[in-house]
Amino acid sequence: MTLSLTHVPGDRVTVAHGATELFSYVYRPEADWEAPKPYLHPVRTLSGALVTDYRPNDHRWHKGLQLTASHLSGQNLWGGNTYVHGEGYLALPERVGSMAHVAFAETAAEAGRAVIAEQLTWHPHGGELWAEEERRIEVRDVDPDTGSWALTWTSAVTNRRTEPLRFGSPTTHGRPAAGYTGLFWRGPRAFRGGRVLTAETAESAETFVSPESSLSPESSLSPEGDPMGSQSPWLAYVGEHDGRDGHATLVFEHAPSNDHAGEKGAHPAHWFVRTDPFAAVAPSWAFHEELVLPPGETLARTYRVVVADGAWDRARVAAHLAGLAW
């Protein structure tokens with residue numbers, strides 16, 4: 001069974017495996033208040049189970065899997081209210097920007113691989129050009145035997161301003177344990193209270209839930225306790241479906257080139273993860289401290305997301321990732 005790709009110009013690109021649509025990449029502009037930007041939704045397992053949410057009533061700007069920038073040099077490319085230290089979340093529409101589709105360099109599918117390569121521009125509310133992005137999403141490693149498939153998401157964002165771009169988050173602006181920005185996944189409502197796994201060994205993991213983390217007591221955590229703000233090379237989320245029996249597992253992994261721990265000089269990344277009041281994961285590129293991108297320089301990051309049927313444990317996740325190539 002091979003992958004196929006269908007493009008509806010001006011709207012979306014859909015990738016399917018046989019009769020199952022794995023995802024749609026929607027690039028048509030949506031409501032200004034929601035910071036228009038492309039996103040993946042619906043995303044499904046090989047068996048057709050839904051693993052993303054779209055415009056939930058608590059956060060209308062949460063849309064499947066998308067690249068975001070919650071705080072960017074005083075602008076909000078996340079959507080909705082903006083966090084202001086000492087005042088909380090405020091409706092500031094003059095700060096809500098956008099990421100705009102420019103063109104596709106490639107949309108193709110053959111055998112076990114599909115590619116969506118896109119050019120985008122980033123804008124503040126006023127519409128000026130702040131950044132250009134080269135984005136590449138690849139589908140590969142489709143494995144019916146394990147009930148899984150994987151996508152890689154690469155974004156290279158170049159600052160086109162004459163001054164630095166400052167990537168931040170609510171945490172860099174004073175709100176604890178709210179470092180969300182960058183690639184962001186919103187899970188279905190049924191996944192609330194799911195299980196979180198990291199690359200730490202089962203023997204050393206502890207169960208600890210901080211009041212700010214919004215993790216369920218059943219979560220399997222790193223030895224430091226709470227994976228919120230941690231730096232594991234990968235993080236997995238296991239959720240149980242509504243409407244059909246069974247579970248799904250999503251694994252989010254840094255590419256080695258990300259230097260996610262900052263050991264080779266990159267700005268360090270930290271995990272943002274919640275299981276309550278909703279399921280959400282982001283390998284935040286500006287959790288504790290702002291990432292400053294000078295004029296003309298490029299921020300490049302690559303991530304892998306494995307979408308699997310079933311409730312995988314840590315050992316199975318680790319073994320599967322070890323068998324995949326970048």
Side-chain angles (χ1 to χ4, degrees), residues 12 14 20-26 30-31 33-68 70 78-81 83 89 147-149 151 153 170 175 177-198 209-221 226-228 235-252 271-284 305-312 317:
R12 68 186 61 207
T14 299
T20 301
E21 293 185 353
L22 299 182
F23 67 79
S24 285
Y25 182 75
V26 182
E30 297 190 353
W33 174 243
E34 297 165 11
K37 65 183 78 67
Y39 59 87
L40 296 179
H41 177 82
V43 179
R44 296 185 176 92
T45 67
L46 287 183
S47 73
L50 183 67
V51 296
T52 51
D53 204 353
Y54 172 74
R55 297 191 75 247
N57 59 22
D58 50 73
H59 295 79
R60 294 297 188 193
W61 45 94
H62 287 188
K63 299 176 182 180
L65 180 69
Q66 58 183 339
L67 190 70
T68 69
S70 59
W78 170 269
N81 293 341
Y83 181 78
Y89 285 89
S148 67
W149 62 276
L151 68 83
W153 181 307
R175 183 188 173 197
Y180 53 82
T181 193
L183 191 68
F184 179 80
W185 167 76
R186 171 67 188 255
R189 288 191 182 279
F191 282 22
R192 179 180 179 179
R195 187 169 185 233
V196 176
L197 308 170
T198 69
V209 181
S210 75
E212 296 83 10
S213 71
S214 296
L215 285 165
S216 70
E218 293 78 17
S219 296
S220 182
L221 310 180
D226 190 342
M228 177 73 85
L235 182 145
Y237 195 106
V238 182
E240 186 172 9
H241 302 298
D242 275 345
R244 60 182 290 168
D245 294 335
H247 297 73
T249 301
L250 284 88
V251 185
F252 305 86
W271 292 104
F272 172 86
V273 55
R274 284 186 177 155
T275 67
D276 188 78
F278 50 78
V281 173
S284 174
V305 181
V306 177
V307 180
D309 282 304
W312 289 20
V317 171

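Heavy-atom basis, side chains included; hydrogens, waters and symmetry copies ignored. Position 1 is the first residue of the sequence, and the numbers go up from there.
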Side chains of [X] and [Y]: does their closest heavy-atom pair fall under 4.5 Å?
{"X": "F184", "Y": "S70", "answer": "no"}
{"X": "L151", "Y": "L40", "answer": "yes"}
{"X": "V307", "Y": "F23", "answer": "no"}
{"X": "W78", "Y": "Q66", "answer": "no"}
{"X": "E30", "Y": "K63", "answer": "yes"}

- What pairs meet the salt bridge (Lys or Arg N to Asp or Glu O under 4.0 Å) rule with one or both residues in residues 50-61, with sequence neighbours excluded?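 For residues 50-61: E34-R55, D58-R186, D58-R189.
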
- Message: Applying the side-chain contact (heavy atoms from CB on, under 4.5 Å) criterion to W149, which one of T20, L22, D309 satisfies it?
- Response: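 Running side-chain contact (heavy atoms from CB on, under 4.5 Å) over T20, L22, D309 with W149 returns exactly one hit, L22.
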
Provide the closest heavy-atom pair for [X] versus [Y] in the form atom of the first, atom of the second, distance.
{"X": "T198", "Y": "P227", "value": "CG2-CB, 4.0 Å"}
{"X": "L46", "Y": "G147", "value": "CD1-C, 3.9 Å"}
{"X": "A190", "Y": "H241", "value": "CB-C, 4.1 Å"}
{"X": "P188", "Y": "L50", "value": "CG-O, 3.7 Å"}

- Query: Does S24 reach the main-chain N or O of R12 with its side chain, forming a donor-acceptor pair under 3.5 Å?
  - Reply: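 It does not hold such a pair.
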
- Exam field: side chain T52 to backbone P42, donor-acceptor pair closer than 3.5 Å: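 No; judged by distance alone, with no hydrogens or angles, the pair does not exist.
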
- Applying side chain to side chain contact (heavy atoms under 4.5 Å, CB included), name anything that partners P283, two or more places apart in sequence or on another chain.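 P283: side chain to side chain contact (heavy atoms under 4.5 Å, CB included) contacts with L183, H254, W271, Y303.
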
To the nearest 0.5 Å, what is the distance between [atom1] on [X] and [atom2] on [Y]?
{"X": "Y39", "Y": "T68", "atom1": "OH", "atom2": "OG1", "value": "15.0 Å"}
{"X": "W61", "Y": "K37", "atom1": "CH2", "atom2": "NZ", "value": "10.5 Å"}
{"X": "D242", "Y": "R244", "atom1": "CG", "atom2": "CZ", "value": "12.0 Å"}

- Query: In terms of the angle between their ring planes, are W185 and F191 parallel, tilted or perpendicular, with boundaries placed at 30° and 60°?
  - Reply: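 Because their plane-to-plane angle lies in the 30° to 60° range, the rings of W185 and F191 count as tilted.
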
- Going through the checks in order, is the side-chain contact (heavy atoms from CB on, under 4.5 Å) test met by V281 and L250? CA-CA 10 Å; V281 173; L250 284 88; over 6 Å; no

Results of side-chain hydrogen bond (donor to acceptor under 3.5 Å, both in side chains) for [X] - residues two or more places apart only:
{"X": "Y89", "answer": "R175, Y180"}
{"X": "E240", "answer": "none"}
{"X": "Y25", "answer": "E118, R135"}

- Message: Looking only at side-chain N and O atoms, does S284 offer a donor or acceptor that is under 3.5 Å from a partner on T181?
- Response: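 S284 and T181 do not have a side-chain donor-acceptor pair below 3.5 Å.
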
- Residue list, ring pair (Phe, Tyr, Trp, His ring centres under 6.0 Å) with H41, at least two apart or on another chain: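 Once residues adjacent in sequence are excluded, the partners of H41 under the ring pair (Phe, Tyr, Trp, His ring centres under 6.0 Å) criterion are Y54.
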
